[in-house]
Amino acid sequence: DVKVTQSSRYLVKRTGEKVFLECVQDMDHENMFWYRQDPGLGLRLIYFSYDVKMKEKGDIPEGYSVSREKKERFSLILESASTNQTSMYLCASSQQGGSYEQYFGPGTRLTVT
Amino acid sequence: AQRVTQPEKLLSVFKGAPVELKCNYSYSGSPELFWYVQYSRQRLQLLLRHISRESIKGFTADLNKGETSFHLKKPFAQEEDSAMYYCALSPTGTASKLTFGTGTRLQVTL
């Protein structure tokens, strides 16, 4: 059974703090993704990685960075959190290729005050 | 750039009634289309993909390239179908990168 885990379910941070969101998958998947999920906007891709140390910007990368030092772990970093980054963050992983299923983590609800 | 449109934020139907969740897309090439579902307090999961041409939980979806649509259908709604449904598109050969629609909440009432 595929497992994608995220380090926190809920997180509250202050404006200007550096925030780390961690994601781990146990299926040896090449691809990993970070999305944010907002009501009325659906899921929007922030960054994805198709291999260790490889990353590509998604649709909304501004204010975020990522790190993938090991195949199973993909971190999302908010260098200086702002209130407009309050959101639900979803991590996902998949095998290489165009029609493979993405497996999602449970999400991290981040509130920036 | 590709785009996925789900025109309805909320669709409310009675139990036993037919369901159609609309999805339209814009993409110049041959896309791969998916439906993902999120039940209350559960993680987002794949419901079906057009390439498989399968029926999952009684749901089907046909890719209509002429109308650029991938509507999700079920002949008889059940209470357990109540959930958030997202249509998603992956351009061929792009490492499974998905573009999601804004989602439709399906509410099945007695």
Side-chain angles (χ1 to χ4, degrees), chain A residues 1-6 9-10 23-25 27 29-52 54-61 66 68 74 87-109, chain B residues 1-10 21-27 29-54 56 61 63 70 83-105:
Chain A
D1 200 21
V2 176
K3 269 286 169 54
V4 180
T5 57
Q6 296 183 229
R9 291 303 305 271
Y10 300 94
C23 176
V24 177
Q25 51 95 3
M27 286 302 292
H29 284 167
E30 292 84 5
N31 299 329
M32 295 189 75
F33 308 84
W34 275 107
Y35 297 90
R36 61 178 285 175
Q37 183 182 30
D38 299 288
L41 297 177
L43 275 78
R44 293 177 292 166
L45 182 65
I46 304 171
Y47 267 97
F48 74 100
S49 168
Y50 50 90
D51 202 350
V52 175
M54 306 301 286
K55 60 185 179 185
E56 280 196 28
K57 293 180 180 179
D59 300 316
I60 51 164
V66 290
R68 193 166 180 201
F74 192 35
S87 186
M88 173 69 86
Y89 289 87
L90 299 182
C91 175
S93 72
S94 76
Q95 292 177 271
Q96 285 281 9
S99 61
Y100 286 110
E101 176 179 357
Q102 286 194 16
Y103 293 87
F104 284 82
T108 295
R109 167 84 55 194
Chain B
Q2 62 272 13
R3 186 182 177 94
V4 176
T5 302
Q6 294 180 251
E8 302 141 328
K9 284 187 177 179
L10 173 66
L21 298 168
K22 294 189 186 325
C23 173
N24 288 88
Y25 67 90
S26 63
Y27 177 62
S30 290
E32 296 175 19
L33 275 296
F34 306 81
W35 278 98
Y36 279 78
V37 62
Q38 189 167 28
Y39 301 102
S40 179
R41 284 186 282 277
Q42 293 188 27
R43 59 185 71 191
L44 193 64
Q45 59 187 287
L46 178 68
L47 179 63
L48 55 78
R49 68 195 92 181
H50 91 271
I51 202 166
S52 304
R53 302 187 65 80
E54 57 199 346
I56 303 292
L63 178 59
F70 188 56
M84 193 72 176
Y85 292 80
Y86 292 96
C87 183
L89 177 155
S90 175
T92 307
T94 57
S96 303
K97 196 173 140 186
L98 291 174
T99 296
F100 283 86
T102 51
T104 298
R105 179 165 298 283

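Below, read A as the first sequence line, B as the second, and so on, with proteins coming before strands; counting in each chain starts at 1. Please read all numbers here as calculations on a predicted model, not as lab measurements.
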Does the side chain of T99(B) come within less than 4.5 Å of L45(A)'s, by heavy atoms? no
In Å and rounded to the nearest 0.5 Å, what is the CD to CG distance from E101(A) to L47(B)? 10.5 Å
Where does Q6(B) contact chain A at under 4.5 Å (heavy atoms): side chain, backbone, both or neither? neither
Which heavy atom of R43(B) sits nearest a heavy atom of P106(A), and at what distance? NH2-CD, 3.6 Å
Between K9(B), Q38(B), R105(B), Q45(B), who has the most heavy-atom pairs with chain A when the cutoff is under 4.5 Å? Q38(B)
Measuring from atom CZ of R44(A) to atom CG of L98(B), what distance do you get when rounded to the nearest 0.5 angstrom? 16.0 Å
Got a second to check how far F104(A)'s CZ is from Y36(B)'s OH, nearest 0.5 Å? 5.5 Å
Indicate yes or no: at least one non-hydrogen side-chain atom of Y86(B) is less than 4.5 angstrom from one of Q37(A). yes
Out of curiosity, L46(B) CG to Y103(A) OH, how far, rounded to the nearest 0.5 Å? 8.0 Å
Measure across L44(B) and L90(A) and return the closest heavy-atom pair with its distance rounded to 0.1 Å. CD2-CD1, 4.5 Å
Which heavy-atom pair separates F48(A) from K97(B) by the least distance, and what is that distance? CE2-CD, 3.3 Å
